[in-house]
Amino acid sequence: MSRIARAFLARDPLDVAPDLLGRHLVRIDAAGVRRVGRIVEVEAYLGEADPASHAYRGPTPRTRVMFGPAGHLYVYRSYGIHWCANIVCGLDGVAAAVLIRALEPVAGIDAMYTDRPTARRVTDLASGPGKLCAALGITGDDGGTDLCARVGAICLEAGEPPDEPVWRGPRVGISAAVDHPWRFWLARNPHVSGPRSRPE
DNA sequence: TAATAGATCATCT
DNA sequence: GATGATCTATTAG
């Protein structure tokens with residue numbers, strides 16, 4: 001299993017986001033269990049050029065990682081409760097990132113259930129940005145992790161190329177720049193969160 | 001099945 | 001002091 005190279009991520013987030021679909025996000029948990037999810041839904045955030053991005057108003061202690069090199073993890077607390085994970089991409093100094101919104105569980109599924117006690121079926125396990133962080137055991141402590149490092153608890157692997165159409169539409173849950181179709185998902189995948197229909 | 005309210009806190013004004 | 005890149009339980013139909 002080869003890790004995805006930094007050069008793959010150091011591009012325009014609008015190109016990286018759809019290319020991330022089908023890839024595997026791999027997490028070695030504290031017990032050494034390998035938890036793997038196939039990326040089925042993402043959103044691109046363009047940094048200082050994007051009013052919906054946390055980096056819109058320039059670097060702060062929280063958003064510092066996004067201004068650094070591609071391949072690192074930006075994790076933030078959502079609504080005081082959940083964690084959400086982004087992969088930093090773009091060039092150095094450009095605070096671009098891709099929010100991982102949903103995964104299709106591939107391995108370590110039993111371990112995922114223990115961290116997602118309310119999930120009743122596999123499609124509840126990681127079908128949302130907060131859910132997938134819980135399922136993989138990702139917290140604020142993982143913020144700043146380099147996914148492209150030779151060793152590490154979290155990484156990206158090639159996975160399987162999409163076997164179905166990729167659709168795009170407006171991003172979910174934001175209140176600024178709502179019209180940009182910067183959310184990408186696998187058209188028929190049942191693990192996608194939110195609307196799955198093709199926007200007109 | 002659909003709609004709604006409550007949880008809960010780091011971050012920035 | 002206000003505000004979320006959300007999730008879940010509860011309520012109503």
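Throughout, a chain's letter reflects where its sequence line sits, starting with A, and its residues are numbered from 1.
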K.L.:
For the pair A/H54 and A/Y76, evaluate side-chain contact (heavy atoms from CB on, under 4.5 Å) and give the outcome as yes or no after the intermediate values.
P.N.:
CA-CA 10 Å; A/H54 290 169; A/Y76 68 92; 3.6 Å; yes
K.L.:
Would you indicate what A/R120 reaches in the nucleic acid, counting non-hydrogen atoms under 4.0 angstrom: base, sugar-phosphate, or nothing?
P.N.:
nothing
K.L.:
Please tell me if A/R101 has a side-chain N or O lying less than 4.0 Å from either OP1 or OP2 of C/dT6.
P.N.:
yes
K.L.:
Which of these nucleotides, B/dT11, C/dT8, C/dT6, is closest to any side-chain atom of A/V172?
P.N.:
C/dT6
K.L.:
Between A/W182 and A/L46, is there a side-chain heavy-atom distance shorter than 4.5 Å?
P.N.:
yes
K.L.:
Strictly by Watson-Crick or wobble contacts shorter than 3.5 Å, is anything paired with B/dT13, and which nucleotide is it?
P.N.:
none
K.L.:
Counting Watson-Crick and G-U wobble pairs only, both distances under 3.5 Å, name the nucleotide matched with C/dA5, or none.
P.N.:
none
K.L.:
Could you please name the option among B/dT8, C/dT8, C/dA5 that lies closest to any side-chain atom of A/I81?
P.N.:
B/dT8
K.L.:
Does the structure show A/Y79 stacking with B/dA7, if we require the centres to be closer than 5.5 Å and the planes to be within less than 30 degrees of parallel?
P.N.:
no
K.L.:
Of the nucleotides C/dC7, C/dT8, C/dA5, which has the atom closest to the A/P129 side chain?
P.N.:
C/dC7
K.L.:
Does the C/dA5 base have a donor-acceptor partner in the side chain of A/Y76 within less than 3.5 Å?
P.N.:
yes
K.L.:
Can you tell me if A/H54 touches the phosphate of B/dT11, counting only side-chain N or O atoms and a distance under 4.0 Å to OP1 or OP2?
P.N.:
no
K.L.:
Does the structure show a Watson-Crick or G-U wobble partner for B/dT8, both distances under 3.5 Å? Name it, or say none.
P.N.:
none
K.L.:
Does A/T118 place a side-chain N or O at less than 4.0 Å from the phosphate oxygens OP1/OP2 of C/dT8?
P.N.:
yes
K.L.:
Side chain of A/R77: nearest nucleotide among C/dC7, C/dA5, B/dC9?
P.N.:
B/dC9
K.L.:
Assess A/R101 against A/W185: is NZ or CZ under 6.0 Å from the centre of the six-membered ring, and within 45 degrees of the ring's axis?
P.N.:
no
K.L.:
Okay, side chain of A/E43, backbone of A/R171: is any donor-acceptor separation there less than 3.5 Å?
P.N.:
no
K.L.:
Classify A/R171 by what it touches in the nucleic acid, base, sugar-phosphate, or nothing, heavy-atom distance under 4.0 Å.
P.N.:
nothing
K.L.:
On DNA chain C, check which nucleotide each of A/D124 and A/S175 is closest to and give me the residue with the more 5' one.
P.N.:
A/S175
K.L.:
Without swapping roles, check the side chain of A/S127 against the backbone of A/T123 for a donor-acceptor pair under 3.5 Å.
P.N.:
yes
K.L.:
Send over the distance from A/Y45 OH to C/dG4 P, rounded to a whole Å.
P.N.:
13 Å
K.L.:
Tell me whether the side-chain N/O atoms of A/R64 come closer than 4.0 Å to OP1 or OP2 in B/dT11.
P.N.:
no
K.L.:
Among C/dT6, C/dA5, B/dT13, which nucleotide has an atom closest to any side-chain atom of A/R57?
P.N.:
B/dT13
K.L.:
Considering only side-chain heavy atoms of A/T60, which listed nucleotide, C/dA5, B/dC12, C/dC7, is closest?
P.N.:
B/dC12
